[in-house]
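The structure appears below as structure tokens.
Every chain is numbered from 1, with letters handed out A, B, ... down the list of sequences.
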Amino acid sequence: MSETVETPHPLEQLPGDLMMWVLIVSELLVFGAGLAAFLAVRIGDPAGFAAAQDHLHRAAAGLNTVVLVTSGLLAALAVRAREAEQRLRTRCLLAGASVLGLVFLIIKGMEYADKAAAGIGVETHPFFTFYYLLTGFHAAHVLAGVIILGLVGWKDSPRSVEVGAAFWHMVDLVWVLLFPVIYLLR
Amino acid sequence: MLRDPLLRAWALLIGLCLASTVLALAIERTSFAGLAATGAGAAILLLAWLKARIILSEYLGLAAAPFWRRGFGIVLALYALLLLGLYTIPVL
């Protein structure tokens with residue numbers, strides 16, 4: 001008699017919490033629409049957008065990408081540590097991820113201060129309207145993520161840690177799409 | 001050689017981030033123009049797509065869910081093509 005191997009329903013294959021995936025997709029749609037709108041507006045003034053982009057510090061933004069990606073690694077390692085019942089290691093890794101999130105925000109704050117000192121604001125050019133809107137909204141997510149990582153480090157059930165880390169990876173994912181479009185494409 | 005898939009993913013992400021930043025700085029500091037600049041822009045978008053795929057597969061665990069990894073990969077590829085189309089319109 002042959003045994004039939006049942007493949008799980010696709011929804012059952014999805015790792016982690018379904019609602020977190022709903023949130024991840026929603027956020028990707030919001031940021032995705034914002035980035036597409038940015039490039040659509042750029043069509044009318046590519047030279048103006050390139051000139052405005054020259055005021056950004058690409059190397060600092062690249063450094064921030066390294067910071068966020070490394071923070072994501074620590075969050076992923078925290079999930080693994082919690083599954084292995086290593087609670088102290090989990091909390092240390094989550095703390096490390098949070099600290100790197102704060103480093104990201106400090107670098108971002110310095111970038112905004114630099115722009116403000118140069119007299120560059122939201123209404124300086126449409127490029128900067130999108131720049132402040134998209135990077136500011138993302139920075140708000142980073143701040144929320146740092147708070148969430150702190151909370152799941154405190155109430156560290158395996159499910160909480162997994163959901164908190166998934167939120168953090170979503171922030172990471174948005175940045176790796178936002179960074180090249182805003183800072184690098186000329 | 002990194003055996004841990006998470007560390008391997010992190011190393012790849014760092015490499016791709018550095019590659020896209022170096023590419024952008026090269027465009028800024030050299031006389032890349034017209035099609036060359038557009039080609040470099042397309043390469044930057046390709047690198048962004050690869051980074052997003054790695055985060056979805058390894059950090060978010062879709063490597064263990066091939067159906068969803070494929071689905072997200074296709075949608076992200078279509079989105080990257082949309083961005084590429086919008087990016088290249090001014091040089092057409």
Check your understanding: Counting heavy-atom pairs under 4.5 Å to chain B, which of A/D54, A/V25, A/T70 comes out on top?
Key -> A/T70

Point to revise | Cluster link A/L88 to A/V161, ILVMFWY, side chain under 4.5 Å | key: no

Study note, to complete from the structure: In terms of heavy-atom pairs under 4.5 Å with chain A, the winner among B/L16, B/L47, B/I44, B/L76 is B/I44

**Study point:** Same apolar cluster: A/L94 and A/L102, side chain cutoff 4.5 Å
**Key:** yes

Review point. If you round to the nearest 0.5 Å, how far is CH2 of A/W175 from SG of B/C17?
Key: 10.5 Å

Exercise for review: Name the member of A/V66, A/V79, A/L28, A/L39 that forms the most heavy-atom pairs with chain B at distances under 4.5 Å.
Suggested key: A/L39

Point to revise | Option in A/G62, A/P46, A/G72, A/A166 with maximal non-hydrogen atom pairs under 4.5 Å from chain B | key: A/G72

Practice item. Could you state whether A/L14 and B/V75 fall into the same hydrophobic cluster, counting links through intermediate Ile, Leu, Val, Met, Phe, Trp or Tyr residues with side-chain heavy atoms under 4.5 angstrom apart? Key: no

Review point. Atom CG of B/D4 and atom CG of A/L77: how far apart are they, to the nearest 0.5 Å?
Key: 6.5 Å

Point to revise | Contact origin within B/Y79 toward chain A - heavy atom pairs under 4.5 Å | key: side chain

Review point. Could you state the interatomic distance from CG (A/L35) to CG (B/L83), rounded to the nearest 0.5 Å?
Key: 6.5 Å

Check your understanding: With only heavy atoms counted, which part of A/I24 is less than 4.5 Å from chain B, the side chain, the backbone, both or neither?
Key -> side chain

Check your understanding: Which answer fits A/W21, side chain, backbone, both or neither, if we ask what part of it has an atom under 4.5 Å from a heavy atom of chain B?
Key -> side chain

Practice item. Mind running side-chain contact (heavy atoms from CB on, under 4.5 Å) on B/L23 and A/L184 for me, showing each step along the way? Key: CA-CA 9 Å; B/L23 198 52; A/L184 303 184; over 6 Å; no

**Study point:** Common cluster, A/Y112/A/I106, ILVMFWY with side-chain heavy-atom separation under 4.5 Å
**Key:** no

**Study point:** pair B/Y59-A/V69: side-chain heavy atoms closer than 4.5 Å
**Key:** yes

Check your understanding: Do you know which of B/G85, B/A65, B/A42 has the most heavy-atom pairs under 4.5 Å to chain A?
Key -> B/A65

Review point. For B/Y87, does its backbone N or O pair with a side-chain atom of A/R42 as donor and acceptor, under 3.5 Å?
Key: yes

Study note, to complete from the structure: Cut-off 4.5 Å, heavy atoms of chain B, and the answer for A/F179 is side chain

Review point. NE2 of A/H57: more than 12 outside heavy atoms within 6.0 angstrom?
Key: no

**Study point:** Region of B/L62 that comes under 4.5 Å of a non-hydrogen atom in chain A
**Key:** both

Study note, to complete from the structure: Okay, B/L60 and chain A: the region with an atom under 4.5 Å from a heavy atom over there is both

Point to revise | Shared hydrophobic cluster, A/F137 / A/V122 (ILVMFWY, side-chain heavy atoms < 4.5 Å) | key: yes

Revision key, fill the gap. Cut-off 4.5 Å, heavy atoms of chain A, and the answer for B/L7 is both

Study note, to complete from the structure: Honestly, the part of A/V174 sitting under 4.5 Å from a heavy atom of chain B is neither

Practice item. Examine whether an atom of B/L6 lies under 4.5 Å from a heavy atom of chain A, and if so say whether it belongs to the side chain, the backbone or both; otherwise answer neither. Key: both

**Study point:** B/I55, part contacting chain A, at a heavy-atom distance under 4.5 Å
**Key:** side chain

Exercise for review: Please determine, among A/D172, A/V181, A/L177, the option with the most heavy-atom pairs under 4.5 Å with chain B.
Suggested key: A/D172

